[in-house]
Amino acid sequence: MRSVGLEAALTRAVTTWSRLALGDFINGVVIFCSSELTEVMQPPRPLDRQSYACGPRFDTSAIDDALAIRRRLTYGVIVVDGDEATVGVAQARDLVAQTGVAVTQLAHLSSNIASRTRRGGQSAARYGRNRDGEELAFLRKVAEQAHKLLGDL
């Protein structure tokens, strides 16, 4: 005899499945469903197995495996050039041969750091210290942005 919670979860899962446009999910689709919750997601990598599980806990092993592969093949990239910086990720496309790299830009930062000056007389040292402070503030801003965007890699 099935419980009422199980029947409700099964009904929600079937209803959700029938409403999905499966062409939108090129890597497969994962549906987590209970009597109170329905969550649909596309995994970061194609699923290697089909599974249907019903129990007191959600089985997230397929998603955990896909995320582990993604993290293993993904690298954060930070390029700083003068008064500009770009933060992105480089990710291997082919899991088996590990060939081909997809590079995605996540953020581009620029600053208005004053250029170096040769003149200034007694103020030259002060100008230099001000520029060094501006450079350090910009690098800290880049580090914050990189931590925010790449913290989970």
Output all residues satisfying salt bridge (charged side-chain N to carboxylate O under 4.0 Å, His left out) with Glu144, sequence neighbours left out; order by chain, then residue number.
-> none
Taking the side chain as C-beta and beyond, is there a heavy-atom pair between Val89 and Val103 under 4.5 Å?
-> no
Atom pair OG/NZ of Ser111 and Lys141 - distance to nearest 0.5 Å | 7.5 Å
Acceptor/donor pairs from residues 76-86 side chains to any protein atom, 3.5 angstrom cut, sequence neighbours excluded:
| unit_1 | atom_1 | unit_2 | atom_2 | d |
| --- | --- | --- | --- | --- |
| Thr86 | OG1 | His108 | ND1 | 2.9 |

Output for pair (Leu149 CG, Gln105 CD), nearest 0.5 Å, gives 11.0 Å
Derivation and outcome, side-chain contact (heavy atoms from CB on, under 4.5 Å), residues Val30 and Val40 | CA-CA 6 Å; Val30 177; Val40 177; over 6 Å; no
Atom pair CG (Asn130) and CD1 (Ile113), whose distance is rounded to the nearest 0.5 Å = 12.0 Å
Ala90 versus Val101, closest heavy-atom pair with distance = CB-CG1, 3.8 Å
Spacing of CD belonging to Gln145 relative to CG belonging to Leu106, to within rounding of 0.5 Å = 9.0 Å
